[in-house]
J.: 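What follows is a structure written as C-alpha cells; I'll ask about it next.
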Amino acid sequence: MYRTTDILTNTPNASLSEAGYMVINVGPQHPATHGVLHLVITLSGETIINVEPHLGYIHRSIEKMCESLTYRQFIYTTSRMDYLSSHINNHCCALSVEKGLQIEIPDRAKYIRIILDELTRLASHQLWWGAMAMDIGAITPFFYAFREREMINDIMEETCGARLTMNYMVPGGVMFDLHPNFQKKVKEFIAFFKSKINEYDEILTGNIIFQNRMKGVGIISKEDAISYGCTGPTARGSGVSCDVRKLYPYEIYNRIEFDEIINNGCDSFARYEVRMQEMKQSLKIIEQLIDNIPEGDFQAKTKTVLKLPKGEFYTRVETARGEFGVYIVSEGGTTPYRIKFRSPGFSNLSALNHMAKGNKIGDLVAIMGSIDLVIPDIDR
Amino acid sequence: MQTLTNRAKLVERKPLSFIERVYLWNILKGLIITFSHIFKKKPTIQYPEVKRTFSPVFRGLHVLNRDEEGRERCTACGLCAVACPAEAITMEAAERLPGEEHLYREEKYAARYEINMLRCIFCGLCEEACPKDAVYLSETFAGANFNRESFVYGKENLLIPNPKTDPEGYAKAKGN
C-alpha cells in the first residue's frame, strides 16, 4: 500500500513538476471527501489533469470474514458496508440465502421488506441531498435533510430496533412483526415529506447559483457510463436504463406501479435530478403498499442451522446507489466457501477520473457529491 | 428519445424563465425560506435533560435476566456465544451445589459470563438464540468509560437487580 509521502515523491511521471503540474492529496481525512477516501489529484493551474483514488483505509476484509460466519450471521456484516442503505444490503443477502434454500417467504414479509427498503432509499437520498449541498457550500439544506431523515430513523428504531444498522432481515422473512404504530407513522411521514420535497426544490433545485455549479460539470456519456459499469442514479443520469427493480424485479416490484427515472443530461445536475425524482417515486411505492400489508406470518419456517446446497448463487437488488449483488459459492456446509459483494460505489468511483478530467478543482466536490460516495461500501 | 423497452420515464430539462435566472431573486427566496423557519416548531431535542422513549424492540446494552424469585435464568448452554457473529460472548459453566437453589434456576449456571461491548454489534442474535429468555437487549445505549477493560461487562454489570431484595431497581431495569 502507498503512503502519502511515497506518492508525493515517487510519482510515476517525474517530469510532472517540470511540466508545471502540481500533485495534491485530498484526504484521507479531508472534510469534503465523505470519509476516508484519498484522492491524488494532478493539477495544471486550476484544471484537473488526473484523479487517482487510493483505497484501503477502511478495509475490513468483510468478504473473508463472511467465510467463517454462518448464513444467519453473515447478513449483518453487510450493514456495515453501505451503512446508508443497510436495509437493502441485508435484503439482498437474505434473498440469496432464500434462493439457495428455495424458501418461499410469506406475502406480509415481502410487503414489509419493500416498504422498509424504500424508506431506506428515501433516508439515503435525503442524506445525500444535504451532504452534497454542504459540499458545494450551502449549509442550511444539511439541517433540513437531517430533520426529515430523523422521522425515518424514528420509524426504523421503533420497528427494527436500531437507527442505522437495522439487522431486520433474516433468511425467511423479517426478525419480528411490525410495531403497531408503523402504518400511522409512515403515513404521517409521507404527508410531511411531500410538502418538504417542494421546499427542497425551491431552495436548491430551482436556484440558479446551484444550477450553475452543477450544470455542465462531471460529464459522462451513455457509452462511457456503461463501459465503466456505473449503475444506479449515476448511470441513469446519463440515460442508461439500469434499474434492477424494473429489469429483474424481485419480491413484489413487478406488481407495483412506479417509473424508472432516466435523464439524458449526462452531467452532475442530471444525476441530481434523477435522485430527486426517485424520492417521489419511492413515496409513490410506499403509498401503494402501506394500506395493503396482508395479514399472516412475518417469517417462513426455517431450520435453525441453514445449509445451502452445493452451487453458486447470485442475487441483485437496487440500493440507493445502484446495483448491489451478492455472489455465494457454497460447498454444502454451514458457512459459505466464498462470498463476493458487488458494490455499486466501487464502479461509480472508477468513473470519477473520467468525469473530473478537464474540470476545475472547485467542481470536484460537486462531481463527487453527485456520485453519492459511501466509502465503506467502496472499500470493504 | 425512444427507449428500447419502454420501462423508463425520461425526465427532460426545462429552460429557465427570466425570473429564475436572476441571482438576486434566488438569494432572496432562499433567505425567505430559511427565515420562515425561525417561527416554526423546533425539531431538536435537548438531549441530556429530555430523553426520548424507546420501543420494546430497541437493541441496547445486554441484561441477564432473573425469574420472579430472583434466581438467575442463564444455564450457560452457550447458544448465544455460538450465535454471536462478533464472538463477543464468553462464559464458564458451573454446577449448582446443594443449598444454592435460591440463587440459580437450574442445575447448571454461568460462573463467569462476559460480553465485550466493544466487539458487540448489537444485532440481537443472542436474544433470538436464548432458549431460557436469560439474555436480552435493554434500552440503555450509551456506555461510556475511561479504559478498554471496563467495556468487558461481567456478571456484576449485566445481571438485572434482584426483584426480591431490590424491587425498585428491578422495575427500573425492566423499564416500567
Side-chain angles (χ1 to χ4, degrees), chain A residues 65 69-70 72-77 79-80 138 140 143-144 146-148 150-151 154 157-162 165 167 170 175-176 179 181 199 202-204 206-212 215 236 239-243 246-247 258-265 269-270 273-274 276-277 281 304, chain B residues 1 3-14 16-37 40-45 52-60 79 82-87 121-129 131 137 139 141:
Chain A
M65 223 162 72
L69 295 175
T70 64
R72 269 187 206 286
Q73 291 172 343
F74 93 94
I75 293 177
Y76 301 139
T77 57
S79 321
R80 275 84 189 161
T140 319
F143 298 112
Y144 291 180
F146 267 72
R147 178 188 57 196
E148 272 85 69
E150 184 64 27
M151 289 187 82
D154 280 350
E157 186 192 297
E158 206 173 55
T159 309
C160 315
T165 50
N167 298 349
V170 292
M175 212 177 213
F176 27 73
H179 195 270
N181 283 346
E199 193 179 284
E202 258 176 60
I203 200 168
L204 208 61
N207 194 314
I208 184 76
I209 306 166
F210 175 73
Q211 290 199 4
N212 283 353
K215 275 181 185 169
R236 290 201 284 280
V240 186
S241 164
C242 62
D243 197 326
K246 281 280 183 192
L247 293 168
F258 70 102
D259 294 323
E260 178 188 2
I261 308 294
I262 62 169
N263 194 315
N264 284 332
F269 194 65
E273 277 181 320
V274 168
M276 293 306 278
Q277 295 291 331
Q281 294 301 324
T304 323
Chain B
M1 193 193 76
T3 54
L4 276 174
T5 52
N6 283 330
R7 278 193 214 95
K9 183 191 173 193
L10 193 66
V11 181
E12 287 295 350
R13 219 171 264 180
K14 287 193 288 288
L16 295 175
S17 65
F18 174 74
I19 190 88
E20 281 171 337
R21 273 184 280 136
V22 179
Y23 270 60
L24 202 63
W25 165 242
N26 277 294
I27 293 170
L28 273 177
K29 203 167 81 176
L31 285 177
I32 291 167
I33 292 172
T34 44
F35 269 103
S36 70
H37 276 82
K40 288 181 184 162
K41 193 173 158 275
K42 288 183 185 65
T44 41
I45 297 169
R52 294 184 306 118
T53 50
F54 294 111
S55 78
V57 293
F58 185 79
R59 295 193 295 266
L79 280 177
V82 171
C84 183
E87 297 173 20
I121 59 169
F122 302 99
C123 61
L125 279 185
C126 47
E127 192 181 348
E128 288 249 306
L137 298 174
E139 284 148 42
F141 62 96

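In the text below, chain A, chain B and the rest are named by the order of the sequence lines, each starting its count at 1. The structure presented is a predicted model; accordingly, all values stated were derived computationally and were not measured.
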J.: Is there side-chain contact between B/Ile121 and A/Thr77, with at least one heavy-atom pair below 4.5 Å?
T.: no
J.: Drop me the distance from A/Thr165's OG1 to B/Phe122's CZ, to the nearest 0.5 angstrom.
T.: 9.5 Å
J.: Ignoring hydrogens, what is the shortest heavy-atom contact between B/Pro56 and A/His179? Give both atom names and the distance.
T.: CD-NE2, 4.4 Å
J.: Minimum heavy-atom separation for A/Gln73 and B/Ala83, please, with both atom names.
T.: NE2-O, 2.7 Å
J.: Side-chain contact, heavy-atom cut-off 4.5 Å: A/Thr140 with B/His37?
T.: no
J.: Can you tell me how far apart CG (A/Asn207) and CD1 (B/Ile33) are? Round to the nearest 0.5 Å.
T.: 9.0 Å
J.: Report the option among A/Glu150, A/Gln211, A/Gln277 that has the most heavy-atom pairs separated by less than 4.5 Å from atoms of chain B.
T.: A/Gln211
J.: Go through the atoms of A/Ala138 and report whether side chain, backbone, both or neither lie under 4.5 Å from a heavy atom of chain B.
T.: neither
J.: Picking from A/Phe74, A/Tyr76, A/Phe176, A/Tyr144, which has the most non-hydrogen pairs under 4.5 angstrom with chain B?
T.: A/Tyr144
J.: Would you say the side chain of B/Ile27 lies within less than 4.5 Å of the side chain of A/Ile209, judging by non-hydrogen atoms?
T.: yes
J.: If you count heavy-atom pairs under 4.5 Å with chain A, which of B/Gly124, B/Ala129, B/Ala86, B/Cys84 comes out on top?
T.: B/Cys84
J.: What part of A/Ile203 lies closer than 4.5 angstrom to a heavy atom of chain B: side chain, backbone, both or neither?
T.: both
J.: Sort A/Met175 into side chain, backbone, both or neither according to what part of it lies under 4.5 angstrom from a heavy atom of chain B.
T.: both
J.: Checking heavy atoms, do the side chain of A/Arg80, its backbone, both or neither come under 4.5 Å from chain B?
T.: side chain
J.: Within the side chain of A/Arg147, is there an N or O that forms a donor-acceptor pair under 3.5 Å with the backbone of B/Thr44?
T.: no
J.: Tell me, for B/Glu128 versus chain A, whether the close heavy atoms (under 4.5 Å) come from the side chain, the backbone, both or neither.
T.: side chain
J.: Counting only non-hydrogen atoms closer than 4.5 Å, does A/Thr304 touch chain B with its backbone (N, CA, C, O), its side chain (CB onward), both, or neither?
T.: neither
J.: Given side chain to side chain donor-acceptor pair (under 3.5 Å), test A/Asn212 with B/Tyr23 step by step and report yes or no.
T.: CA-CA 11 Å; A/Asn212 283 353; B/Tyr23 270 60; 2.5 Å; yes
J.: For chain B, which of A/Glu273, A/Gln281, A/Arg72 has the most heavy-atom pairs under 4.5 Å?
T.: A/Glu273
J.: Should we say atom NZ of B/Lys42 is surrounded by more than 12 heavy atoms from elsewhere, each under 6.0 Å from it?
T.: no
J.: Side chain from CB out, backbone as N, CA, C, O: work out which of these in A/Asp243 comes under 4.5 Å of a heavy atom of chain B, or both, or neither.
T.: neither
J.: Determine whether B/Arg52 and A/Asp154 make a side-chain contact, defined as any pair of heavy atoms from C-beta on separated by less than 4.5 Å.
T.: yes
